[in-house]
2 protein chains.
Amino acid sequence: MENHAVIDFAFAHSHCQQCSLFPYCQPTVKRCGETEKFHEIKTQNLKIERGEHLFRENSPFNAIYSIRSGSFKTYTNSEFGKEQILGFYFSGTLLGLNALSTMQHIESALALETCSVCKISLEQLEKLKSSIPAVQPALLRILSEEIQYNHQQLLMISKKSAEARLAKFLLTLSNHFRKRGFSATEFNLSMTRNDIAGLLGLAVETVSRIFTHFQEAGLLTVNRRNIVLLDIDGLMKSSSEHTAQPLDNYIVQKKVAS
Amino acid sequence: MENHAVIDFAFAHSHCQQCSLFPYCQPTVKRCGETEKFHEIKTQNLKIERGEHLFRENSPFNAIYSIRSGSFKTYTNSEFGKEQILGFYFSGTLLGLNALSTMQHIESALALETCSVCKISLEQLEKLKSSIPAVQPALLRILSEEIQYNHQQLLMISKKSAEARLAKFLLTLSNHFRKRGFSATEFNLSMTRNDIAGLLGLAVETVSRIFTHFQEAGLLTVNRRNIVLLDIDGLMKSSSEHTAQPLDNYIVQKKVAS
DNA sequence: CGAAGCGTTGAGTGCTTTCAATAGTTGTGG
DNA sequence: CCACAACTATTGAAAGCACTCAACGCTTCG
């Protein structure tokens, strides 16, 4: 899964190797010997400071962005005063792609820390698609993965207890860091308690309280943004607890298709 | 928006006119004079009885389905015993498309009543894509719309009160029916209270109670599956009520991009 | 050093859930 | 065709989880 880093793709921009489009377009580029086409794609390297927006909800769709370093939160502001965090994103992730349907962004993206992003304008994306056939399916794939992620979020928020949600959140983060070669047990959060609460559909105080519960239970150590996971198994157990609700209805198949 | 029904597309399969792919592929087909290619696409008409599955979570991705009549619910079964309803779908909707990423279905689709669906196998879809260029962007568009829908669901479940959720649900249904030429104020639900509860992240009893609340408040009349909306404005007002939570943090932009 | 934002903790409330009981509805088999 | 079983829907009472309100340290930054 991380083997791109090992192989030397001399033809590619060095920073491309962590782009989420790279694993899809790279083999095709190589096979077709069209490496020169790859270099025709002009991307723009941007530095985004903490608190800055990469794009905002309802703004026109000009480009997609691949995160090279740092982290973002995406959110929507529905009816006045409400902010739903949709997700936190780290390096290698593509942001803004889901604006394809309306050609307007359906979410806002805000930097949680100083970030470096690769901006791929719409026209460059078009060029990329036409020169590299594998890109289009990759886009479909990425969108489809996002849907899957949303389903999981939905399920978590509507069926799991507050403790289970936070436990799950921490484990997901832990996995992220582990996959990227960082410590899976000790890390610093780039988001506030408020953001976490917004993602998990909880109140800030609840998040805070559960952190201390977990600490008292010996599952982790928490000091502001610094987290040390002490008992991964315990967290996994906690994350699978739910607020009950049997619901074994309907699953029986009644007839065979005609 | 409904003008396809007026124009006579003699070249198209008659039932195609309500397919969600039709508005995208049809103009291109016509412009290119490639109507004969359209007929090369072999689709299969299926009848699905109530309680039958169109496909199940984790089953291999063989085809997508366009609903011609009837209604479906989609759901996932995460950890044992849990069922999260993802949505209810009516005629004109495309089901199964989001299996594209994993080539396995990420949700189950179950008929709520006797349904007629148009099955488009994967290979036929490929043929369609290659002969009609507008289809591929249409697929992206549909996926992107589903993401937007999921965001709304997420926001609703994590931020709105139980009453607001049910009100919103009824209004959405009402809109659906209105757009399809049915009564926007009187209709029969094809789903159970359990299903509604599953969609909205509530307990069955809560759904039932709120129905009677609404009836007592004069907003609607309810008798089992039969619903008559009496006060749309009242419902809209109810649907925008939330459980509070100000959250005006973070929105300030701190610097300008470098 | 003061202001503003972030995080924690406590007390009390309440919305929603759970448990439980009852009826209406549907479908199947004797 | 009736009766029983299974499912669906409603209603009541009680409990609990998470929220709101409020106050207070801690940290950051101008």
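Chain A is the first sequence line, chain B the second, and so forth, proteins listed ahead of strands; every chain is numbered from 1.
On a pure distance criterion of 3.5 Å, no polar donor-acceptor pair joins the side chain of B/Glu163 and the base of C/dC15. A donor-acceptor contact under 3.5 Å links the side chain of B/Arg209 to the base of C/dT18. Contact annotation: side chain of A/Arg193 to base of C/dG5, donor-acceptor pair absent below 3.5 Å.
Per the geometry, NZ belonging to B/Lys160 stands 17 Å off P belonging to D/dC19, to the nearest Å. One interatomic measurement links the two molecules: NZ of B/Lys159 to P of C/dT16, which rounds to 15 Å at whole-angstrom precision. For the pair A/Asn223 CG and C/dT8 P, the computed distance is 9 Å after rounding to whole Å. The nearest whole Å value for the distance from the CD atom in B/Glu113 to the P atom in D/dT8 is 15 Å. Protein atom CD1 of B/Ile196 is 16 Å distant from nucleotide atom C1' of D/dC7, rounded to whole Å. Between A/Glu205 atom CD and D/dC24 atom P the separation is 16 Å, expressed in whole Å. What separates CD1 of B/Ile210 from C1' of D/dA9 is a distance of 15 Å, to the nearest Å. Rounded to a whole Å, the CG atom of A/Asn194 is 12 Å from the P atom of C/dT8.
In terms of heavy-atom proximity, A/Phe187 sits nearest to A/Ala184 at CE2-O, 3.8 Å.
At the heavy-atom level, A/Arg224 lies under 4.0 Å from base atoms of the strands shown.
Taking only side-chain nitrogens and oxygens, B/Ser208 never comes nearer than 4.0 Å to OP1 or OP2 of D/dT11. One finds a side-chain N or O of B/Thr212 lying less than 4.0 angstrom from the OP1 or OP2 phosphate oxygen of D/dT11. Checking the phosphate oxygens (OP1, OP2) of D/dC19, a side-chain nitrogen or oxygen of A/Thr206 falls inside 4.0 Å. An OP1 or OP2 oxygen of C/dG7 is reached within less than 4.0 angstrom by a side-chain nitrogen or oxygen of A/Arg225.
A donor and an acceptor atom, one from each side chain of B/Ser158 and A/Gln84, are located under 3.5 Å apart. Between the side chains of B/Gln44 and B/Ser121, not a single donor N or O lies within less than 3.5 Å of an accepting N or O.
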Would A/Phe214 and A/Leu235 count as a side chain to side chain contact (heavy atoms under 4.5 Å, CB included) here? Give the steps. CA-CA 9 Å; A/Phe214 281 167; A/Leu235 283 171; 4.1 Å; yes

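A/His105 and A/Phe61 have perpendicular rings, their planes meeting at more than 60° on a 0 to 90° scale where under 30° would count as parallel.
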